[in-house]
A.B. asks: 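Questions regarding the structure given below will be posed in turn.
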Amino acid sequence: MTSRISWRAASARRLRRQFLPEPTVAEVAGAMLGAHAQVPSAAELSIGVRTEGLTRADVRAALWEDGSLVRTHGPRGTVHLLPTAELPLWTAALTAVPDGPNTFPPDIRLTEDQAEQVVRAIGEALEDTFLTVEELSEEVVARTGPWAGDLVMPAFQELWPRWRQVLHRAGQSGALCFGPNRSRKVTYTRPPHFTPLPREEALRRLALRYLTAYGPATPHHFARWLAAPSSWATALFTRLAAEGEVEEVLLEDTPAWVAAGDTHFPASTEELQGALLLPYFDAYAIAAQPRERLYPGPAWHRALSSGQAGTYPVLLIDGEVRGVWHQRRRGNRTTVTVEPLTPLTASHVRELTDRTQRIGEILEATPELVIDKVTTGPHA
């Protein structure tokens, strides 16, 4: 008989597996399948709120001192913090995900041979050094040809050189990662050398890791998280099912998958009892599905941008998005303003006070909590 899993039980297990008692920075990043790091402070908060003691200093030490963490291009081609030890898995799996349609006109695109030349040139140029994008551009053009430097890519009201089409691909291939900023300029370097896993093995492991962290889930959920074709994800899950790697359950009334044997869900949903503050592009707010259950009612209009998750920091109450929030830093003080979409209890307010205190600890600032009036309109 197919197991039936309630939304609350699924949410409770997902949260239990991400909010860890005494982890390292790399263990937290691994449990959540990468911390979105386009905005570094958001990644620091994503990791910090899942623990009792880690701060932004610990995240920075993992990046720039002990090297247990790397900032590079991860799922969806976006910038993530990933455990350095997991690069053999991530690079093999991400480069095996089919690309979407190329939106550049034919006279702007790189051929596959040119793309491979650029990725190879990037890796060679970044060996044992840190380069700004301008310095890297000079090196790439010198190693490939003038065609790589043609200013043809529209970007932010200017034109970028042709080679930058595959900057994210270089990151996903292990040829590039971010280095520490040089003044206000971003730098790039090459991560430690490693041997990628075989692609099929990497895809198998990544799918099972996703199901462990965010299951039960459907192939469509997995595809959405990776920005991959649903048909490709369906074929992957079908193969895993045939090999006995996954098994089917019901998430409420919808057929979904979990890793084989991973069918225990908490009878108690105490993890849901309370308020959490998750920052911009937090992994949970993006990867936990179905999205219409995570963002019920007014949250769908207020906390999503055209259906896209992560563009607003969210207030999570009882495992569902029930508001948004923002913070403003001034000197050594930070003000956390919460905008609930449903009424808060006295217990919620006490918890938000504690969460705000924790945000202050993570960011090494003195915090202040402000609770805005309850709003329900789509543009409030």
Side-chain angles (χ1 to χ4, degrees), residues 2-5 7 9-20 23-24 26-36 50 70 72 74-76 78 80-98 172 174 194-251 254-266 282-291 294:
T2 303
S3 299
R4 184 184 299 273
I5 312 301
W7 164 251
S11 298
R13 190 175 84 164
R14 291 167 179 172
L15 290 171
R16 177 180 293 178
R17 290 183 172 182
Q18 291 198 19
F19 288 73
L20 307 174
T24 65
E27 286 170 341
V28 179
M32 61 199 289
L33 297 189
H36 192 281
R50 285 165 166 77
V70 64
T72 189
R76 305 176 300 283
T78 54
H80 277 69
L81 301 185
L82 300 173
T84 306
E86 293 183 2
L87 286 177
L89 163 66
W90 282 104
T91 57
L94 293 175
T95 54
V97 176
Q172 291 181 330
F194 58 87
T195 302
L197 293 175
R199 285 192 166 192
E200 291 303 315
E201 173 64 11
L203 286 174
R204 181 188 74 84
R205 291 194 191 184
L206 185 60
L208 295 179
R209 287 275 302 277
Y210 177 81
L211 291 177
T212 299
Y214 299 106
T218 68
H220 175 71
H221 297 156
F222 182 65
R224 190 174 197 176
W225 173 66
L226 278 178
S230 285
S231 58
W232 169 84
T234 298
L236 173 62
F237 275 54
T238 300
R239 183 167 67 252
L240 292 174
E243 296 169 353
E245 296 279 6
V246 298
E247 59 182 279
E248 192 174 51
V249 297
L250 289 175
L251 179 55
T254 302
W257 298 96
V258 295
D262 190 24
T263 55
H264 177 72
F265 287 79
D282 187 84
Y284 190 89
I286 293 173
Q289 297 279 354
R291 193 162 286 169
L294 185 61

A.B. asks: Taking side chain as C-beta onward, heavy atoms only, is Asp282 less than 4.5 Å from His36?
C.D. replies: no

A.B. asks: Is the shortest heavy-atom distance from the side chain of Trp90 to the side chain of Thr72 under 4.5 Å?
C.D. replies: no

A.B. asks: Taking the side chain as every heavy atom from C-beta outward, state whether Met32 and His80 have any pair of such atoms under 4.5 Å apart.
C.D. replies: no

A.B. asks: Can you check side chain to side chain contact (heavy atoms under 4.5 Å, CB included) on Ile5 and Leu250, steps first, answer last?
C.D. replies: CA-CA 6 Å; Ile5 312 301; Leu250 289 175; over 6 Å; no

A.B. asks: Under 4.5 Å between any side-chain heavy atoms of Arg4 and Val249, yes or no?
C.D. replies: no

A.B. asks: Let me confirm one number: the OG-NE2 distance from Ser230 to His221, rounded to the nearest 0.5 Å.
C.D. replies: 10.0 Å

A.B. asks: Please walk me through it: do Leu208 and Glu245 pass side chain to side chain contact (heavy atoms under 4.5 Å, CB included)?
C.D. replies: CA-CA 8 Å; Leu208 295 179; Glu245 296 279 6; 3.7 Å; yes

A.B. asks: Tell me the closest heavy-atom pair linking Ala233 and Phe222, and the distance in Å.
C.D. replies: CB-CD2, 4.2 Å

A.B. asks: Over all heavy atoms of both residues, which pair between Leu82 and Gly34 is shortest? Give the atoms and the distance, please.
C.D. replies: CD2-CA, 3.7 Å

A.B. asks: On a heavy-atom basis, which atom in Glu247 and which in Thr263 lie closest, and how many Å separate them?
C.D. replies: OE1-CG2, 3.4 Å

A.B. asks: Testing the basics here: between Arg14 and Pro216, what is the closest heavy-atom pair and its distance to 0.1 Å?
C.D. replies: NH2-O, 3.0 Å

A.B. asks: Any side-chain heavy-atom pair from Thr84 and Phe194 closer than 4.5 angstrom?
C.D. replies: no

A.B. asks: Between CG of Leu33 and CD1 of Ile286, what distance do you get to the nearest 0.5 Å?
C.D. replies: 12.0 Å

A.B. asks: Look at the side chain of Glu27 and the backbone N and O of Thr24, then say whether any donor-acceptor pair between them is shorter than 3.5 Å.
C.D. replies: yes

A.B. asks: Show your reasoning for whether side chain to side chain contact (heavy atoms under 4.5 Å, CB included) applies to Leu87 and Val70.
C.D. replies: CA-CA 9 Å; Leu87 286 177; Val70 64; 3.9 Å; yes

A.B. asks: Find out whether Leu251 and Pro290 are in side-chain contact, i.e. whether some heavy atom of one side chain is under 4.5 Å from a heavy atom of the other.
C.D. replies: yes

A.B. asks: Using 30° and 60° as the class boundaries, would you call the ring planes of Tyr214 and Tyr284 parallel, tilted or perpendicular?
C.D. replies: tilted

A.B. asks: Please step through salt bridge (Lys or Arg N to Asp or Glu O under 4.0 Å) for the pair Arg205 and Glu200, ending with a clear verdict.
C.D. replies: CA-CA 9 Å; Arg205 291 194 191 184; Glu200 291 303 315; over 6 Å; no

A.B. asks: Taking Tyr210 as the fixed residue, which of Trp257, Phe237, Trp225 is the one that meets the ring-ring contact (aromatic ring centres under 6.0 Å, His included) rule?
C.D. replies: Trp225

A.B. asks: Please examine the side chains of Arg13 and Val258, heavy atoms only from C-beta on, and report whether any two atoms are closer than 4.5 Å.
C.D. replies: yes

A.B. asks: Tell me whether Arg17 contacts the main-chain N or O of Thr212 through its side chain, where contact means a donor paired with an acceptor under 3.5 Å.
C.D. replies: yes

A.B. asks: At their closest point, which heavy atom of Pro266 faces which heavy atom of Arg16, and how far apart are they?
C.D. replies: CB-NH2, 3.5 Å

A.B. asks: Does Gln172 use its side chain to pair, donor to acceptor, with the backbone of Gly74 at less than 3.5 Å?
C.D. replies: yes

A.B. asks: Do Glu86 and Arg209 come close enough that some side-chain heavy atom pair is under 4.5 Å?
C.D. replies: yes

A.B. asks: Could you walk me through whether Arg224 and Arg291 pass the side chain to side chain contact (heavy atoms under 4.5 Å, CB included) check?
C.D. replies: CA-CA 11 Å; Arg224 190 174 197 176; Arg291 193 162 286 169; 3.3 Å; yes

A.B. asks: Which heavy atom in Thr91 sits nearest to a heavy atom in Pro196, and how many Å separate them?
C.D. replies: OG1-CB, 3.9 Å

